[in-house]
There are 4 protein chains.
Amino acid sequence: MKPRDENKIDQIYQATLKQVKANGLAGITMQSVAREANIATGTLYIYFKNKEALILSLYHVCVKNSAGVYFKNYDPKAPFKVSFYLIWSNMVQHRISSFTESIFMEQCYHSPFIDEDTRKTLKKMFEPLMNLIKRGKEERLIKDIDTFWLIAFLIGTVNEIAKRTIYFNKKLTTEILNTNFQMCWDGIKA
Amino acid sequence: MKPRDENKIDQIYQATLKQVKANGLAGITMQSVAREANIATGTLYIYFKNKEALILSLYHVCVKNSAGVYFKNYDPKAPFKVSFYLIWSNMVQHRISSFTESIFMEQCYHSPFIDEDTRKTLKKMFEPLMNLIKRGKEERLIKDIDTFWLIAFLIGTVNEIAKRTIYFNKKLTTEILNTNFQMCWDGIKA
Amino acid sequence: MKPRDENKIDQIYQATLKQVKANGLAGITMQSVAREANIATGTLYIYFKNKEALILSLYHVCVKNSAGVYFKNYDPKAPFKVSFYLIWSNMVQHRISSFTESIFMEQCYHSPFIDEDTRKTLKKMFEPLMNLIKRGKEERLIKDIDTFWLIAFLIGTVNEIAKRTIYFNKKLTTEILNTNFQMCWDGIKA
Amino acid sequence: MKPRDENKIDQIYQATLKQVKANGLAGITMQSVAREANIATGTLYIYFKNKEALILSLYHVCVKNSAGVYFKNYDPKAPFKVSFYLIWSNMVQHRISSFTESIFMEQCYHSPFIDEDTRKTLKKMFEPLMNLIKRGKEERLIKDIDTFWLIAFLIGTVNEIAKRTIYFNKKLTTEILNTNFQMCWDGIKA
DNA sequence: GATGAATGAGCCTTCATTCAT
DNA sequence: TATGAATGAAGGCTCATTCAT
């Protein structure tokens with residue numbers, strides 16, 4: 001299942017995301033995805049075994065993409081706050097620029113498509129962040145709270161900032177980004 | 001004549017929520033809801049015009065429920081931090097205890113079932129919170145940041161705490177609740 | 001199955017006819033008939049065993065009504081042409097004034113509701129007419145053609161006059177009636 | 001790729017007509033039509049948007065067919081009575097040979113499937129006949145009666161002859177045809 | 001008898017999947 | 001490989017009929 005026209009797979013992914021954004025996960029059909037991707041219905045089944053495989057596969061790609069972007073330019077040797085700000089703002093910006101993917105992932109989370117196993121791989125992608133947080137605690141820069149909750153705090157703010165930027169059609173200026181970061185930092189700093 | 005069993009509506013609501021939790025919004029069918037509610041398929045249509053009406057109606061009930069609980073015991077004359085803590089912990093606890101409803105609302109948000117209008121009514125329910133935040137700023141207790149982002153910060157943390165409590169099967173002790181509140185408060189306090 | 005409120009049966013009949021006129025035989029439902037008749041659905045089943053029984057019963061009533069009216073004031077001893085004119089115009093006028101019933105009967109004719117037996121009873125109701133025609137032939141007043149076709153000719157013109165009067169919203173003046181009769185008479189007279 | 005089997009449309013039409021003849025318009029279901037046409041239910045929806053579209057479409061085809069046959073071999077320059085006989089007997093014969101279509105059209109007429117517009121196009125198809133009738137009046141060959149009623153007379157007889165030929169299983173010999181025509185002609189001739 | 005809520009079989013329609021070209 | 005017509009299982013919904021009140 002690795003046919004030559006790799007580019008066509010991306011067409012299918014994009015078509016799927018577009019459909020999910022427009023109609024929700026419940027609203028996508030193989031025909032509508034095919035139509036959106038400008039291919040025949042049957043062609044979908046050359047690239048993906050079935051609907052579940054398509055969605056699962058896209059889900060994995062989205063998760064991998066996220067993780068990749070989150071840690072872009074991350075230098076484990078840079079000072080803690082610099083690294084933390086970098087990752088935090090990477091996350092915010094990626095969730096905004098790839099908001100369609102975020103919606104898709106969110107919708108998948110409780111769907112029958114995603115099984116428990118798939119759900120857990122998500123966790124592993126955040127290990128670099130966990131390690132950074134641990135280091136912050138060791139350096140006495142941030143509160144001595146269970147890393148689990150520190151990350152919850154961090155992700156929660158990131159998600160909501162992204163959501164609201166999109167839904168309320170806000171422009172996320174550097175000033176606003178920094179203001180939000182300030183709250184987040186004040187929340188975790190020792 | 002058999003009188004219309006008003007409490008049957010609640011049976012249907014509960015059945016719907018259970019199905020959504022198990023299979024996602026995309027996975028519910030009128031038959032599965034009916035089966036879960038121990039009624040015939042046709043009976044569903046006595047109480048709700050169609051599937052969309054059922055979901056929309058349940059959505060409204062959930063939203064109304066939430067707002068009601070969020071501001072339970074809220075006394076606008078109490079000191080700011082007391083009120084803020086009350087509402088914040090109400091939100092966390094309600095989102096945990098009614099997690100199924102939360103999932104449902106989240107899934108609805110991007111579905112074709114919920115229209116723009118419905119989406120906006122949601123906003124109004126949070127006005128008491130907005131007023132409290134404004135008061136906090138006037139009393140110089142919290143940062144002078146756009147209320148919009150202060151609320152984003154607040155809700156983001158609340159959501160993620162609830163999510164993780166459920167998904168990772170954590171017990172939310174008073175200690176953990178307070179630790180999380182501390183982060184949130186440090187984030188917004190002046 | 002002869003309950004006291006005979007009047008209610010007529011309500012049901014009228015409601016049925018009204019529904020058939022509005023939506024065709026395919027369009028009637030027991031609930032719509034009940035609603036139109038201002039009774040509960042269940043009540044229908046007190047007066048009629050089931051839907052088929054209701055329709056069949058109404059069909060018979062309509063047929064009987066027709067036959068009754070067709071031969072109203074008919075005196076077998078009156079001169080042939082007088083009798084013929086009387087019956088012919090009775091038929092035209094009845095089919096117009098009871099047009100809803102005519103539609104109903106026509107729609108029934110090819111429906112699964114009406115069986116072969118029922119269909120044949122219709123034939124018997126026209127025996128007086130057949131006898132009159134035979135007499136006309138004996139008196140050498142009308143053509144010596146198989147009575148079967150003479151009646152076909154007669155009924156065909158009657159039906160079409162009635163149909164067009166209704167569909168094209170014509171007013172059937174005595175003049176027009178007589179003009180049409182003239183054609184019919186010229187057609188059959190010896 | 002399997003090309004769209006255009007002749008399948010005719011299979012569907014024939015299956016529909018057969019079902020209507022057997023069970024009436026009220027009795028047809030998409031599954032029964034599909035089964036009769038030896039295709040899957042879903043295939044019906046490739047060729048017709050829905051049940052209404054199928055019926056409407058078939059109705060139009062039937063009407064067009066009729067009009068085509070009615071005026072077959074009609075030469076406007078031929079003597080009046082010749083033309084009149086031609087059309088009259090065309091009508092009789094077509095209504096008999098395509099009796100299933102006739103039943104279908106009749107049943108449609110009062111159904112919710114056929115709207116007012118559709119009903120009116122029917123009228124236009126008879127314009128050549130109307131012109132012939134007018135010519136007959138100008139040539140003083142037929143009675144000076146409103147064309148509307150002359151046509152009513154004509155169609156009424158045609159319909160009833162066809163109906164009875166079928167229902168009573170008669171063989172329409174040339175002799176019988178001519179006998180009937182004689183009545184019709186005597187009815188309208190000046 | 002009268003009511004209308006409840007039922008569930010069955011209808012119309014959709015859609016994941018297959019298959020002939 | 002690509003196509004899209006064909007399939008039929010399954011979903012939303014209706015409606016004849018029953019039944020508790």
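The sequence lines fix the lettering, A, B, ..., with proteins before strands; numbering per chain opens at 1.
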Inset, instruction - Dump the intermediate steps for ring pair (Phe, Tyr, Trp, His ring centres under 6.0 Å) on Tyr13(C) and Phe104(C), then the final yes or no. - result: CA-CA 11 Å; Tyr13(C) 283 155; Phe104(C) 171 71; 8.9 Å; no

Inset, instruction - Could you check whether Ile39(D) gets within reach of a base, just the sugar-phosphate, or nothing at all, counting any heavy atom under 4.0 Å? - result: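 Sugar-phosphate only.
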
Inset, instruction - Have a look at Tyr47(D) and say if it touches a base, only the backbone sugar-phosphate, or nothing, with a 4.0 Å heavy-atom cut-off. - result: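 Since only primed, P, OP1 and OP2 atoms lie under 4.0 Å of Tyr47(D), the category is sugar-phosphate.
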
Does [Y] offer a backbone N or O that forms a donor-acceptor pair with the side chain of [X] under 3.5 Å?
X: Lys51(D); Y: Ile28(D); answer: yes
X: Thr16(A); Y: Ile12(A); answer: yes
X: Gln107(C); Y: Leu25(C); answer: yes
X: Ser66(C); Y: Cys62(C); answer: yes
X: Thr29(C); Y: Ser32(C); answer: yes

Do [X] and [Y] have side chains that get closer than 4.5 Å, going by heavy atoms?
X: Ile9(D); Y: Phe48(D); result: yes
X: Lys64(C); Y: His60(C); result: no
X: Asn65(C); Y: Val61(C); result: yes

Output yes when at least one side-chain N/O atom of [X] is less than 4.0 Å from OP1 or OP2 of [N], else no.
X: Tyr45(B); N: dT7(E); value: no
X: Lys8(A); N: dA2(F); value: yes
X: Thr43(B); N: dT7(E); value: yes

Could you state the atom-to-atom distance from [atom1] of [X] to [atom2] of [N] in whole Å?
X: Phe48(B); N: dA6(E); atom1: CZ; atom2: P; value: 12 Å
X: Ile46(D); N: dA5(F); atom1: CD1; atom2: C1'; value: 5 Å
X: Asn23(D); N: dC11(E); atom1: CG; atom2: P; value: 11 Å
X: Leu54(B); N: dC13(F); atom1: CG; atom2: P; value: 10 Å
X: Gln11(D); N: dA6(F); atom1: CD; atom2: P; value: 10 Å
X: Gln19(A); N: dC15(E); atom1: CD; atom2: C1'; value: 14 Å
X: Leu44(C); N: dT17(F); atom1: CG; atom2: C1'; value: 11 Å
X: Ile12(B); N: dA5(E); atom1: CD1; atom2: P; value: 13 Å

Inset, instruction - Would you sketch DNA chain F in dot-bracket for me? Only Watson-Crick or G-U wobble pairs with both distances under 3.5 Å count, crossing pairs as [ ], other-strand pairs as |, the rest as dots. - result: .||||||||||||||||||||

Legend entry - Nucleotide of dT1(F), dC13(F), dA16(E) approaching Lys51(A) most closely (side-chain heavy atoms):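 Ranking dT1(F), dC13(F), dA16(E) by closest atom to the Lys51(A) side chain puts dA16(E) first.
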
Inset, instruction - Looking only at side-chain atoms of Ala40(D), point me to the closest of dG4(E), dT7(F), dG1(E). - result: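 Among dG4(E), dT7(F), dG1(E), the one nearest the side chain of Ala40(D) is dT7(F).
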
Legend entry - Residues from residues 24-38 of chain C lying under 4.0 Å of DNA chain E - heavy atoms: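 By residue number: none to list.
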
Inset, instruction - Take Glu52(D) and Gly42(C), find for each the nucleotide of DNA chain E with the closest heavy atom, and name the residue whose nucleotide sits nearer the 5' end. - result: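 Nearest nucleotide further toward 5': that of Gly42(C).
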
Inset, instruction - Sort and list the pairs that fulfil salt bridge (charged side-chain N to carboxylate O under 4.0 Å, His left out) and have at least one residue in residues 10-22 of chain A, not counting sequence neighbours. - result: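 Output for this query lists Lys18(A)-Glu36(A).
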
Inset, instruction - Nearest-nucleotide wise, let me know which of Thr41(D) and Lys49(B) is further upstream toward the 5' end of DNA chain F. - result: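 Its nucleotide being nearer the 5' end, the pick is Thr41(D).
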
